[in-house]
Engineer: 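The structure's right below; bear with me while I get my questions together.
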Amino acid sequence: MSSTTIRVQDLAGTSLGERELSYTERDAILYALAVGAREDELDLVYERDLRVLPAFALTLGLWTVEATGALGAYDPARSLHAAQRLEVRGPLRPSGTVRVSGAVTAVWDKGKGALVDVVAECADWTATYSIFLPGLGGWGGRRGPGSRGRTFQPAWEAQYPTPVNLAALYRLTGDRHPIHIDPEVSAANGFPRPILHGLCTLGIAAKSVAEAAQAHPCDLVELEARFTAPVLPGDTLDLSAGPAEHTTAFTAQVGDTTVLRDGVARFKVVSS
Ligand SMILES: C/C=C/C(=O)SCCNC(=O)CCNC(=O)[C@H](O)C(C)(C)COP(=O)(O)OP(=O)(O)OC[C@H]1O[C@@H](n2cnc3c(N)ncnc32)[C@H](O)[C@@H]1OP(=O)(O)O
């Protein structure tokens, strides 16, 4: 961590610059497999006619969160991914180079913690990562938007048993935060063992709820959810979804605990 004394509340408005990122079909296929693509979903797992799950963009923008942590205002090892938004304007190519810019757009004072909004943007998509910093709130700043509290009538349900080695696999898509692999770091954060990446849980949900929306998962154009409790690799996700205001609303539970809340996915309408 850098030795600068910047305070968390002063991060808002910080530009993180721009990076060029290259990826290959292998990266896109690895991502698809990590969020549940089956071997017979050929357009997700086979180079021939490959399509890319739009939430793969979230792996490409993640450097902005790492760059924010490197500014020295907080210890990244004590941070938690609390919410995610993604807006997709065009299909992701199966391989290529993208230019992604980043900025810290807001820092909210949530009392028991601070919530930092980091935006990564390129021509075809915008991703907003909300990072919760326990213990760093309480400076008298604005609390920010509350929960939208969407309610929906579940019309679709599915179970997704996560493999016990899923965090070890998903980290190869680019998120090497030690909380997902290092038992000492997860224990220091109060967890019994390394936890699953929030973006892995969300990626599974985004792909799965396409079925509820009767859409192809690669036609996702909008995605949003809050991470409300940690998921441990090996947990079974109970997903439910239902229509809500031209979108598909969803939640995910592990047993009685809600792990994804306020989920919203919208898919492009494709005429047949
Ligand atoms: C770098 C890390 C990468 C990862 O992938 S980590 C793995 C994925 N993430 C997780 O597993 C985190 C799961 N979520 C949680 O564990 C908890 O959830 C939190 C620690 C994030 C917060 O829980 P709690 O400490 O119990 O706080 P509260 O009482 O739920 O909330 C305090 C205030 O903070 C607001 N808040 C919490 N989360 C969000 C959010 N995502 N967006 C906006 N606001 C949020 C609440 O509303 C409330 O504020 P109001 O008192 O004003 O209502």
Side-chain angles (χ1 to χ4, degrees), residues 1 8 12 34-35 55 58-59 61-71 73-86 104-120 127-150 162 166-182 185-206 223-235 237 251-254 257-264:
M1 195 166 66
V8 166
V35 298
L58 299 175
T59 71
L62 199 63
W63 66 268
T64 58
V65 176
E66 289 160 6
T68 304
L71 294 171
Y74 60 88
D75 178 0
R78 306 301 293 254
S79 65
L80 286 165
H81 197 167
Q84 185 65 52
R85 269 192 60 74
L86 175 67
V104 181
T105 54
V107 182
W108 308 109
D109 182 351
K110 294 292 183 184
K112 58 167 85 163
L115 192 75
V116 180
D117 285 345
V118 182
V119 171
T128 306
Y129 306 79
S130 296
I131 307 298
F132 194 84
L133 306 175
L136 293 187
W139 70 87
R142 290 173 58 205
R143 238 182 151 85
S147 165
R148 297 202 203 168
R150 288 182 183 86
T162 64
L166 187 55
L169 173 70
Y170 184 85
R171 69 191 290 274
L172 300 181
T173 68
D175 184 344
R176 304 285 178 105
H177 193 299
I179 202 167
H180 307 297
I181 190 77
D182 188 329
V185 175
S186 55
N189 282 274
F191 301 117
R193 56 193 171 87
I195 61 175
L196 190 59
H197 304 70
L199 289 183
C200 183
T201 308
L202 184 60
I204 291 167
L223 178 67
E224 182 177 338
R226 271 195 191 199
F227 306 110
T228 42
V231 175
L232 294 175
D235 283 347
L237 301 173
T251 58
Q253 305 229 148
V254 173
T257 304
T258 301
V259 295
L260 282 184
R261 202 180 80 183
D262 293 351
V264 175

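For ligands, and for the atoms within them, numbers begin at 1 and follow the listed sequence. Starting from 1, each residue takes its place in the sequence as its number.
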Engineer: Which atoms of ligand 1 are found less than 4.0 Å from any heavy atom of His180?
Structural biologist: 3 (C), 4 (C), 5 (O)
Engineer: Looking only at non-hydrogen atoms, find the nearest pair between Asn189 and Ala77 and report the distance.
Structural biologist: ND2-O, 2.9 Å
Engineer: Considering only the protein, which heavy-atom contact is closest to atom 5 (O) of ligand 1, and what is its distance?
Structural biologist: Gly198 N, 3.1 Å
Engineer: Does the side chain of Ser79 come within less than 4.5 Å of His177's, by heavy atoms?
Structural biologist: yes
Engineer: For ligand 1, is there an atom lying under 4.0 Å from some heavy atom of Asp175?
Structural biologist: no
Engineer: Could you report the tightest heavy-atom contact between Ala127 and Gln84, atom names first, then the distance?
Structural biologist: CB-NE2, 4.0 Å
Engineer: Just how far is it from atom CG of Leu199 to atom OG1 of Thr173, taken to the nearest 0.5 Å?
Structural biologist: 8.0 Å
Engineer: Going by the atom numbers of ligand 1, which of them fall below 4.0 Å from some non-hydrogen atom of Ser79?
Structural biologist: 1 (C), 2 (C)
Engineer: Indicate the ring-plane relationship of His180 and His197, choosing parallel, tilted or perpendicular according to the 30° and 60° boundaries.
Structural biologist: parallel
Engineer: Yes or no: does Ala229 have any heavy atom under 4.0 Å from an atom of ligand 1?
Structural biologist: yes
Engineer: Specify the protein heavy atom at minimum distance from atom 19 (C) of ligand 1: its residue, its atom name, and the distance to 0.1 Å.
Structural biologist: Phe132 CD2, 4.3 Å
Engineer: Checking a contact table here: which protein heavy atom is nearest atom 26 (O) of ligand 1, and how many Å away?
Structural biologist: Lys112 NZ, 3.5 Å
Engineer: Hey, is atom 23 (O) of ligand 1 touched by any protein heavy atom at less than 4.0 Å?
Structural biologist: no
Engineer: Quick one: which ligand 1 atoms are inside 4.0 Å of a heavy atom on Ala83?
Structural biologist: 41 (N)
Engineer: Would you call Ser130 a ligand 1 contact, heavy-atom distance under 4.0 Å?
Structural biologist: no
Engineer: Nearest heavy-atom pair of Cys200 and Leu166: which atoms, and what distance?
Structural biologist: SG-CD2, 3.5 Å
Engineer: Does the protein place any heavy atom closer than 4.0 Å to atom 53 (O) of ligand 1?
Structural biologist: no
Engineer: Tell me, do Phe227 and Leu80 make a side-chain contact under 4.5 Å, heavy atoms counted?
Structural biologist: no
Engineer: Got the closest protein heavy atom to atom 11 (O) of ligand 1, with its distance?
Structural biologist: Pro230 CA, 3.3 Å
Engineer: Ser186 and side chain to side chain contact (heavy atoms under 4.5 Å, CB included): which single residue from Pro194, Pro192, Pro178 fits?
Structural biologist: Pro194
Engineer: Determine, counting only non-hydrogen atoms of the protein, whether one lies under 4.0 angstrom from atom 33 (C) of ligand 1.
Structural biologist: yes
Engineer: Taking 4.0 angstrom as the limit and counting only heavy atoms of His177, give me the atoms of ligand 1 inside it, by number and element.
Structural biologist: 1 (C)
Engineer: Who's the nearest protein heavy-atom neighbour of atom 43 (C) of ligand 1, and how far?
Structural biologist: Arg226 NH2, 3.2 Å
Engineer: For a side chain to side chain contact (heavy atoms under 4.5 Å, CB included) check, start with the C-alpha distance between Ile131 and Thr68, then their side-chain angles and the critical distance, and finish with the verdict.
Structural biologist: CA-CA 10 Å; Ile131 307 298; Thr68 304; over 6 Å; no
Engineer: Which atom names give the shortest non-hydrogen contact between Trp139 and Trp108, and what distance separates them?
Structural biologist: CH2-O, 3.5 Å
Engineer: The test is side chain to side chain contact (heavy atoms under 4.5 Å, CB included); show your working for Thr162 and Leu237 and say whether it passes.
Structural biologist: CA-CA 7 Å; Thr162 64; Leu237 301 173; 4.1 Å; yes
Engineer: From atom 18 (O) of ligand 1, work out which of Thr228, Ile195, Leu115 has a heavy atom at the shortest distance.
Structural biologist: Thr228
Engineer: Determine whether Tyr170 and Ile204 satisfy the following criterion, side chain to side chain contact (heavy atoms under 4.5 Å, CB included), listing intermediate values before the conclusion.
Structural biologist: CA-CA 11 Å; Tyr170 184 85; Ile204 291 167; over 6 Å; no
Engineer: For ligand 1, indicate whether the residue Arg143 contacts it via side chain, backbone, both or neither (heavy-atom separation under 4.0 Å).
Structural biologist: side chain
Engineer: Can you check whether a protein heavy atom sits less than 4.0 angstrom from atom 50 (P) of ligand 1?
Structural biologist: yes
Engineer: Could you check atom 20 (C) of ligand 1 against the protein and tell me its nearest heavy-atom contact, residue, atom and distance included?
Structural biologist: Leu80 CD1, 3.7 Å
Engineer: For atom 14 (N) of ligand 1, what's the nearest protein heavy atom and its distance?
Structural biologist: Phe227 O, 2.9 Å
Engineer: Applying side chain to side chain contact (heavy atoms under 4.5 Å, CB included) between Thr105 and each of Val118, Val116, Val119, report the one that passes.
Structural biologist: Val119
Engineer: Give me the nearest non-hydrogen protein atom to atom 12 (C) of ligand 1 as residue plus atom name, then the distance to 0.1 Å.
Structural biologist: His81 O, 3.5 Å
Engineer: Checking contacts here: is it the side chain or the backbone of Lys110 that comes within 4.0 Å of ligand 1, counting heavy atoms only? Could be both or neither.
Structural biologist: both
Engineer: In terms of atom number and element, which parts of ligand 1 are under 4.0 angstrom from non-hydrogen atoms of Leu196?
Structural biologist: 7 (C)
Engineer: How long is the straight-line distance from CZ of Arg78 back to CD1 of Ile179, given to the nearest 0.5 Å?
Structural biologist: 8.5 Å
